[in-house]
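Reading through the structure tokens given below for one structure.
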Amino acid sequence: MMKHVLSTAAVTGISLCSACANPVITIDAAKPGAEISPTMYGIFFEDINFAADGGIYAELVKNRSFEFDRPLRGWTVLKDEGLGVRTLPMHNETNPRNPRFMRIQIDDPGSGAGLRNEGFRGMGVKQDVPCRFSIQARKVGGDISSIRVELVTTNGDVLASSTVDGLTDEWKTLKCELTPDATESKANLNLWFEGGKGLLDIDMVSLFPSDSWKGRENGMRADMVQLLADMHPGFLRFPGGCIVEGFDLSQRYQWKNTVGDIDERVVTINRWNFEFSHRPTPDYYQSFGLGFYEYFLLSEDLGAEPMPIINCGMACQFNTGELVGLDELEPYIEDALDLIEFANGATDTTWGSLRAAMGHPEPFELKMMGIGNEQWGPQYIARYLPMVKAIKEKYPDIQIIAATGSDASIFPNGEAEVEFLWKEWRRLQPEYVDEHFYRVPEWFIENTHWYDDYDRNGPKLFVGEYASQSVGVASPENRNILKTALYEAAFMTGMERNADLVRMTCYAPLFGHEEAWQWRPDMIWFDNLNAYGSVNYHVQKMFSRNPGTHMLDCELQGAPELNEHSTVLNASATLDTDAGEVIIKAVNVGDQPQTVSIKLKGVTGGPAMKVTTLSSASLDDENTIESPMKIVPEEFLADAKGPTLEYTLKPYSFTILRIPVK
Ligand code: AHR
């Protein structure tokens, strides 16, 4: 963000109100209302669009353990023509969690016999930033004595080279470092097997850049985590999304398969591999190098409450809708209870001791859990009930998040299903009910009063997935344009005006790989070397960094109707008792500047205020990988004197004013 200190007249047009016909925002700042939840603005993480493998999880080798359905997907055999190099997928029956390894048979090494890994649409490596290479290997017989490891460009130019030796007939992990002499976004990794003929077994071939988040091994991309940290999120929802449910139950997310040693995590096909025929991604699997331990750790790093969502015995109802019988639900209930023990249990418990062994003896202080993702119908209630009963009996303080199916506008018989579930939730009183909205931009601006009339005696709201779709739900033509972000901002002012009820909100999905996405729009885009926030990200971040602590009554009068310039104004106001500031959020979606009069009742404001504003010349403008900073917030100080002041909102803008008050 740019920071300026500008004179009042120059930019903001602040002055004492001259009783003009401007819209008026009246704020009763002396009467703080309900507390705003510290979890009001959070993050939704799902491994879609290569968000985990090939994304935030920094591993550069794809299919490192040869466990994809096609064992050599991502790999190419390198050999001189006519010479004998064979690859034989082998099965280790004593290791059911990672059974496959690759046997390399060299009958005639000639001048080169090896394997190449292509990475995730290439590998992003940086000049002079060492990468840590490791491989599990054993000799089965013959003369192969070492492995030469190379990072190469697409032209075959060598960026870095090193050798591991010490091969024996026992499995061993061998390591070396590769430091590229140039930056390359599409590098490949070559393994050359040297020494002669013979047989060699290999597994868990891994390459990690050393500049990971907090320098951790098995770490995450620092640039991507930093974008999340910059948001100051209140919670982290993981691992999804539909990925919780799976296409069928065999593909559901099973957290126990994602913890412990990374070579014992059970590689599983990613359900987004084949979901969209217009975006098939046959190389999309989950290595679970980013598993539940890492999600908890990430929550802690971000200062965000962890929010796991667990499967409740139901596969995705848009896909197979497979169910477990009620008499077979026990393992699912156990998974939920064990997860709480993994997060919070003492170190002498089964799962608490695993957490400790992984490096975190202190509890993660898990407080809430979602039961199912987009589930609906009586079959959901039938599975929800025994799960929640068991959880509450053992862990009465764990707060429960219940679903309302998917976005009512898109799922079968939507409104009626939502009605059915809401009736149940009013009876069963989970702490939170999760609602999803994937709709066109106009819906967001026309529904800023969506929550005004919700029942205040029922469960609290978690708006767990929403995003304005510029073309249509999950259309591949959707873009993260300014229009979508401003219309979301308008809707968010409505959620904030109902913050007594709406306690948690998050945009979805989070990440999209420029070349490997399945769904858009997405909040953050990235390629193998760079990541940037869409304009929607900046709106989210502006809200998230300026929530305030208490609601304030905020009345907006005289806002222009939708007219030929689409001028619509929305506003909300909160109080930050720690900072002693009133925070006003205002959206102008029109093509003209809009002056508003701001009346602060019961307090004295000023003398200066902090302004953060996001705008661009056209509603179609967007940030892109080529111009990632085209639309970013500007920050400056402006005068703010008097009980009434005027502020001119730029065309197509979202603005936050922080006014010190006494
Ligand atoms: O955010 C993408 C998908 O949309 C989520 O996985 C699912 O919950 C919703 O239908």
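Both ligands and their constituent atoms are indexed starting at 1 by order of listing. Note that the structure is a prediction, hence the values are computed from the model and not measured.
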Look only at the side chain of Arg520 and the backbone of Gln469, and say whether a donor-acceptor pair between them is shorter than 3.5 Å.
-> no
Using atom types as modelled and distance alone, determine if a side-chain donor or acceptor of Asn528 lies under 3.5 Å from a backbone N or O of Ser185.
-> yes
Does NZ or CZ of Arg279 fall inside the cone over Trp517's six-membered ring, less than 6.0 Å from its centre and within 45° of the axis?
-> yes
In Ile43, Val225, Leu290, the residue satisfying side-chain contact (heavy atoms from CB on, under 4.5 Å) with Leu298 is Val225
Output the distance between atom CZ (Arg252) and atom OH (Tyr332), rounded to the nearest 0.5 Å.
-> 3.5 Å
Check ligand 1 against the protein and report each N/O to N/O distance under 3.5 Å, formatted as atom name, atom name, distance.
residue, atom, partner, partner atom, Å
ligand 1, 1 (O), Tyr438, OH, 2.7
ligand 1, 4 (O), Tyr438, OH, 3.3
ligand 1, 4 (O), Glu465, OE1, 3.3
ligand 1, 6 (O), Glu46, OE1, 2.5
ligand 1, 6 (O), Glu46, OE2, 3.3
ligand 1, 6 (O), Cys242, N, 2.8
ligand 1, 8 (O), Asn373, ND2, 2.9
ligand 1, 8 (O), Glu374, OE2, 3.4
ligand 1, 8 (O), Glu465, OE1, 3.1
ligand 1, 8 (O), Glu465, OE2, 2.7
ligand 1, 10 (O), Glu374, OE1, 2.7
ligand 1, 10 (O), Glu374, OE2, 3.2

Partner set under salt bridge (Lys or Arg N to Asp or Glu O under 4.0 Å) for Lys256, not counting sequence neighbours = Asp335, Asp338
